[in-house]
Protein chains: 2
Amino acid sequence: MELLKRKIIEKGTVKEGNILKVDNFLNHQLDIDLLNEVGKEFKRRFAEENITKILTAEVSGIAIAAITAQYFHVPVVFAKKTESKNLDEETFEGNVYSYTKEKQYKIRVSKKYIAKGENILIIDDFLANGQAILGLKEIVDAAEANLVGAGVVIEKGFQEGGKILRADHINIQSLAIIETMEDNKIVFRDYRD
Amino acid sequence: MELLKRKIIEKGTVKEGNILKVDNFLNHQLDIDLLNEVGKEFKRRFAEENITKILTAEVSGIAIAAITAQYFHVPVVFAKKTESKNLDEETFEGNVYSYTKEKQYKIRVSKKYIAKGENILIIDDFLANGQAILGLKEIVDAAEANLVGAGVVIEKGFQEGGKILRADHINIQSLAIIETMEDNKIVFRDYRD
């Protein structure tokens, strides 16, 4: 997606430890016009699928999922990271290993909000080691729903997540795949657009 | 806002400790069509104001703010609750006292994303004791920006927040104000619609 790649080049910055900072437009300040184009592109890529719900994880996936859901005319559910007294006791759980924090945590969705047989599209901001999407897939599997695919805004193509998830036959659609970002120079993989 | 009130009556549940659970449509599963109507109503109520940015706090405010921002054609910034290595070192800070957790925590926005003189609209899901909006106001004040007002989806009119904020001359626009919710019966305040 050219508009997104231009935005990453213009506004993104590379930090030590393979961190791509996109807080100018994607996960602190939100460029709503860009998110609308992102939503339209996800709709184009999953147009043939009869999606009934969009699933994401708090925090960074929420705005992208909400804007995208407008093009699919379906509700969003976001998995919660924290124990909350507002969360139902009956939940589907997924496990996510955080490499940066070196610990595993759980994400949860109330059993009320994913029904057996639903067609679920996962939406997230980043795909790096694939842990978040694997955790969300656990929730979809536990609900006996169908995982139609995952729409990712930015994939770090030099990390393992994309390979692992595609080997698992998940339809991963990343709108920008970064091949390398050494020496502060971002190179995209030439893939699909 | 009648549509919202109907939704609260139909889908909301009252739990012990003055908790109104609206996770069916507002803060776990998200009813995107409803959020669009909420966004349009905020636009109607703040139509005369030259708003340049919408400010909210993670987590529950994000989807509402993102959908609403489409009607104002402005970016969103959401204040972060956690220390994050993705957050700039230079931040504006606000303090929020959590009555449920009985402790104070900080919310932060990078100094890059609120400029002096900007016209800020705060958006949040709930107004109860007013702490979140007061914390966000601290951030707006620290940035020397103008707080135009705050759009709230559900105000618990029986708690003090609305009174405190209005006494502080903040233009609070709540789309549904709950007068009482004793014995699982929700009564709205008859105010503005």
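Chain letters run A, B, ... following the sequence lines, proteins first and then strands; every chain starts at 1. Here the structure is a predicted model, which is why all the values come from computation and not from measurement.
Contact tally against chain B (heavy-atom pairs below 4.5 Å) for A:Ala79, A:Ala63, A:Ala65, A:Ala66: the top residue is A:Ala66. Chain B forms more heavy-atom pairs under 4.5 Å with one residue of A:Asn36, A:Leu34, A:Asp31 than with any other, namely A:Asn36.
A donor and an acceptor atom, one from each side chain of A:Lys112 and B:Gln29, are nowhere located under 3.5 Å apart.
Formation of a donor-acceptor pair under 3.5 Å by the B:Tyr113 side chain with backbone atoms of A:Asn24 is found in this model. For the pair B:His28 (side chain) and A:Val109 (backbone), a donor-acceptor distance under 3.5 Å is absent.
Below 4.5 Å, heavy atoms of chain A meet heavy atoms from B:Ala69, B:Gln70, B:Val74, B:Pro75, B:Val76, B:Val77, B:Phe78, all part of residues 68-78 of chain B. Among residues 136-152 of chain A, no residue has any heavy atom closer than 4.5 Å to a heavy atom of chain B.
No more than 12 heavy-atom neighbours from other residues, nucleotides or ligands sit within 6.0 angstrom of CD on A:Glu48. Within 6.0 Å of NZ in B:Lys11 there are 12 or fewer heavy atoms belonging to other residues, nucleotides or ligands. Counting heavy atoms of neighbouring residues, nucleotides and ligands inside a 6.0 Å radius, atom CD of B:Glu10 exceeds 12 of them.
Applying the ring pair (Phe, Tyr, Trp, His ring centres under 6.0 Å) test to B:Tyr97 and every residue at least two apart in sequence or in another chain returns B:Tyr99. Residues satisfying the side-chain hydrogen bond (donor to acceptor under 3.5 Å, both in side chains) criterion with B:Asp33, sequence neighbours excluded, are absent altogether.
Taking OG of A:Ser60 as the start and CD of B:Glu58 as the end, the distance is 8.0 Å to the nearest 0.5 Å. In this structure, B:Ile32 CD1 and A:Ile67 CD1 are separated by 8.0 Å, a value rounded to the nearest 0.5 Å.
A:Val187 is not connected to A:Val14 by any chain of hydrophobic side-chain contacts under 4.5 Å among Ile, Leu, Val, Met, Phe, Trp and Tyr, and they are in different clusters.
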